[in-house]
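Naming: A, B, ... by sequence-line order, numbering from 1 per chain.
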4 protein chains.
Amino acid sequence: MADVSPRADAARNRSLLLAAAVAEFAEHGVDAPVAAIARRAGLGKGTVFRHFPTKDDLVAAIVCDRVTRLTALARDLGTAADAGAALLEFMTSAARERQRLDLSFLTGDLGSEVTSAQAELSEAVTALVDRARERGAVRDDVTGTDVLVLMCVPNDVVKHLPGAPAQLWERYLAILFDGLRPEGAHPLPQPPPA
Amino acid sequence: MADVSPRADAARNRSLLLAAAVAEFAEHGVDAPVAAIARRAGLGKGTVFRHFPTKDDLVAAIVCDRVTRLTALARDLGTAADAGAALLEFMTSAARERQRLDLSFLTGDLGSEVTSAQAELSEAVTALVDRARERGAVRDDVTGTDVLVLMCVPNDVVKHLPGAPAQLWERYLAILFDGLRPEGAHPLPQPPPA
Amino acid sequence: MADVSPRADAARNRSLLLAAAVAEFAEHGVDAPVAAIARRAGLGKGTVFRHFPTKDDLVAAIVCDRVTRLTALARDLGTAADAGAALLEFMTSAARERQRLDLSFLTGDLGSEVTSAQAELSEAVTALVDRARERGAVRDDVTGTDVLVLMCVPNDVVKHLPGAPAQLWERYLAILFDGLRPEGAHPLPQPPPA
Amino acid sequence: MADVSPRADAARNRSLLLAAAVAEFAEHGVDAPVAAIARRAGLGKGTVFRHFPTKDDLVAAIVCDRVTRLTALARDLGTAADAGAALLEFMTSAARERQRLDLSFLTGDLGSEVTSAQAELSEAVTALVDRARERGAVRDDVTGTDVLVLMCVPNDVVKHLPGAPAQLWERYLAILFDGLRPEGAHPLPQPPPA
DNA sequence: TATGAATGAGATTTCATTCAT
DNA sequence: TATGAATGAAATCTCATTCAT
């Protein structure tokens with residue numbers, strides 16, 4: 001009990017830093033200087049490096065957090081009555097999350113922690129997609145990995161239109177999801193990635 | 001005569017530089033140092049700045065070139081017999097182009113030249129889409145701007161999968177295009193962007 | 001009684017810290033971070049600064065300790081039967097000590113405590129050398145200060161040969177001591193330092 | 001001819017930098033900041049890194065220069081009439097050189113260029129010592145490598161005495177050289193290093 | 001008293017851009 | 001006109017030291 005208080009402080013600062021980093025990255029991209037993040041968090045530059053020895057570690061922490069939350073969501077939705085609606089809701093929530101910050105959490109080597117978090121997410125999403133496919137809610141030839149990469153689309157797309165309204169991603173998610181439905185599906189020219 | 005050869009030289013250097021920049025950006029991203037581009041072109045660093053006063057100008061020139069070529073393609077396809085196939089071919093060619101270098105040519109302020117080139121592209125693509133929509137080849141509620149942003153998707157998506165096969169983008173273009181077809185289209189939650 | 005145990009604790013920590021610092025400096029040089037010393041001692045970083053307000057103070061304490069021990073040794077040997085053998089043994093022990101950690105304890109301003117310890121060592125070594133010289137064990141023109149600086153040689157020399165065997169210093173101490181003997185001594189071009 | 005002038009400038013700056021680095025290292029040790037060297041040379045910080053991509057490269061260049069000059073000297077003296085005097089002169093010159101800056105040029109991995117320069121020096125000094133030994137000018141059991149490491153002694157020793165007169169090293173070189181003479185040589189306890 | 005979180009000055013290094021030759 | 005040397009403003013990261021708990 002006695003040693004909780006200093007740690008509470010450190011935990012609070014860690015949160016402050018993550019929030020500041022998310023905000024700063026959202027505004028200026030991942031090239032935002034660490035100093036700006038520290039300033040935004042109201043902390044010293046060195047404190048950032050105490051919590052995250054490398055800038056990459058900071059990025060990895062954010063990604064990890066995000067991926068973990070998505071995994072939890074996918075698992076929650078894994079037992080929903082309507083498997084198709086569950087998948088759509090997952091993709092919707094994922095896009096809404098990504099609207100805040102679009103760090104691509106699939107690329108690059110961000111360390112083992114992120115890698116295993118990604119593996120868990122992949123598994124959870126695959127389960128979600130498999131179920132939707134079995135119920136005929138999505139086309140036969142779509143896989144969990146497909147959804148994993150496609151769920152980034154709506155936000156990526158909107159990034160290209162600087163002045164666009166905040167909710168525009170919903171439009172493209174809808175178009176994309178129509179492409180995943182069984183109705184009017186044409187055969188795909190390439191096999192799904194591993 | 002005397003002043004023709006220097007101009008020919010300058011034009012050749014400009015081409016060399018653009019090619020070198022495309023290659024360098026493709027390999028190392030837009031953060032590739034100007035020095036590397038100069039070296040690759042077999043020219044001095046100062047020559048780069050003589051042709052392109054700023055690194056951004058160099059990027060803008062590449063984007064401009066690319067956009068202009070796409071505009072020409074869109075115009076060529078504007079008279080094809082099958083409007084739907086023409087649109088698909090346009091998006092396919094655009095994706096194939098982008099496979100080489102995925103500078104997002106829609107974002108950011110790259111100067112007036114790029115802006116007007118973008119406007120022309122927008123106009124040409126809108127014509128293409130309008131025609132396809134009138135023939136019933138794509139859904140009623142899709143616009144030229146939609147296609148303009150969506151045609152970046154296949155490559156953007158594949159970027160997230162480092163080890164993926166080179167042609168994987170074809171898979172996602174197919175899914176996406178199925179989403180643009182009239183069959184099984186669900187109403188879209190947001191209006192198209194301007 | 002009540003205040004005895006904290007003092008005992010403090011003394012123990014001081015020793016732990018000195019030992020850890022010696023080890024760390026030996027492995028990584030004086031640039032070894034204070035944090036590493038604290039970790040090696042199993043103490044907090046703050047504790048280091050409680051005992052030694054400055055990193056320099058920590059270095060000074062080590063030097064002081066070392067110098068004091070050498071002084072004791074020199075005094076012990078001051079009454080030995082064979083004055084020449086006593087001097088050789090002193091230099092041998094000094095070199096062996098220095099093999100563990102070669103902080104040069106003569107250079108720099110390390111504070112008054114070190115300065116006075118150095119003065120005492122100087123006096124003791126001078127006595128040792130004077131006696132050896134009187135007995136004809138060393139050449140006429142050699143002084144205590146000469147020995148003081150020369151006794152660092154064997155280790156300094158070996159430092160230049162990274163892969164050298166641990167005992168190589170003995171070779172160079174032998175050569176050096178031969179240079180201090182009266183046999184075959186040539187006149188020295190410069191007077192001894194103060 | 002026409003392209004000599006820009007290079008002349010660069011060469012001059014390179015020399016300026018080397019000189020400034022030697023001076024700065026001599027005053028403040030190798031930990032002297034690169035910025036200080038640049039300032040002393042009257043050049044920008046970036047210019048240092050144009051000439052020497054790394055601080056280590058700068059150190060290596062200095063060492064290389066020094067080693068190369070010593071090699072030339074050793075070779076020059078290799079044909080002198082009096083082999084013993086030649087060796088003494090070599091060690092004297094080496095010490096005088098080192099008096100300006102005592103970068104230990106034997107330790108550490110400074111890159112292949114330095115390594116090969118060191119090898120050449122070693123060979124030249126070995127020739128010098130072998131000849132002296134054959135003429136009976138130095139003791140039987142001394143090698144080129146011994147001299148290579150011992151020639152650093154006089155300066156190392158004097159470093160420990162901050163206020164000492166500039167020529168004090170001559171005194172210790174004399175003592176050391178007496179230790180290398182055949183007269184009064186005692187057997188050495190350790191074999192020579194490779 | 002002991003701890004270790006926070007600090008911030010400073011070190012190395014990169015790179016777009018300028019300018020003398 | 002072409003070159004590449006010079007510049008200096010960041011950016012990342014380290015570490016001695018302070019201070020709240």
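- Remark: C1' of dT12(F) and CZ of Phe49(D) are 14 Å apart, rounded to the nearest angstrom.
- Between Asp31(C) atom CG and dG10(E) atom C1' there is a gap of 14 Å when expressed in whole angstrom units.
- The environment of CZ in Arg14(A) is sparse: at most 12 heavy-atom neighbours from other residues, nucleotides or ligands sit within 6.0 Å.
- Of the side-chain N and O atoms in Lys45(D), none sit less than 4.0 angstrom from OP1 or OP2 of dG8(F).
- Each of Gly46(B) and Gly42(A) was matched to the nucleotide of DNA chain E holding its nearest heavy atom; the match closer to the 5' end belongs to Gly42(A).
- Atom-to-atom, CZ of Phe25(B) to C1' of dA16(E) comes out at 12 Å; the value is rounded to the nearest Å.
- Of the two residues contacting DNA chain E, namely Ala32(D) and Thr54(B), the nearest-nucleotide position lying further toward the 5' end is that of Ala32(D).
- As the counterpart of dA20(E), dT3(F) is assigned, both hydrogen-bonding distances of the Watson-Crick or G-U wobble pattern falling under 3.5 Å.
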Glu24(D) and Arg39(D): CA distance, side-chain angles, deciding distance, salt bridge (charged side-chain N to carboxylate O under 4.0 Å, His left out) verdict: CA-CA 10 Å; Glu24(D) 204 67 22; Arg39(D) 204 180 320 120; over 6 Å; no
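- Rounded to an integer number of Å, the gap from Arg12(A) CZ to dA20(F) P is 14 Å.
- Rounded to an integer number of Å, the gap from Lys55(D) NZ to dT12(E) P is 4 Å.
- Across Ala117(C) and Thr68(C), no two heavy atoms sit closer than the pair CB-OG1, 4.4 Å.
- Side-chain N or O atoms of Thr47(B) include none that pairs as donor or acceptor with a backbone N or O of Leu43(B) at under 3.5 Å.
- As rounded to whole Å, 8 Å separates atom P of dA16(F) from atom CD1 of Ile37(C).
- Between Pro53(A) and His51(D), the residue anchored closer to the 5' end of DNA chain F is His51(D), taking for each the nucleotide with the nearest heavy atom.
- A straight line from CG of Leu58(A) to P of dC13(F) spans 10 Å, rounded to a whole angstrom.
- Between the P atom of dT13(E) and the CG atom of Asp56(D) lies a distance of 7 Å, rounded to the nearest Å.
- Backbone-only engagement by Asn13(C) is indicated by non-hydrogen atom pairs under 4.0 Å involving sugar-phosphate atoms exclusively.
- The backbone N or O of Pro33(A) lies less than 3.5 Å from no partner atom in the side chain of Lys55(A), so there is not a single donor-acceptor pair.
- With a cut-off of 3.5 Å on both Watson-Crick or G-U wobble distances, the partner of dT14(E) is given as dA9(F).
- OP1 and OP2 of dA5(F) both lie 4.0 Å or more from every side-chain N or O belonging to Thr47(D).
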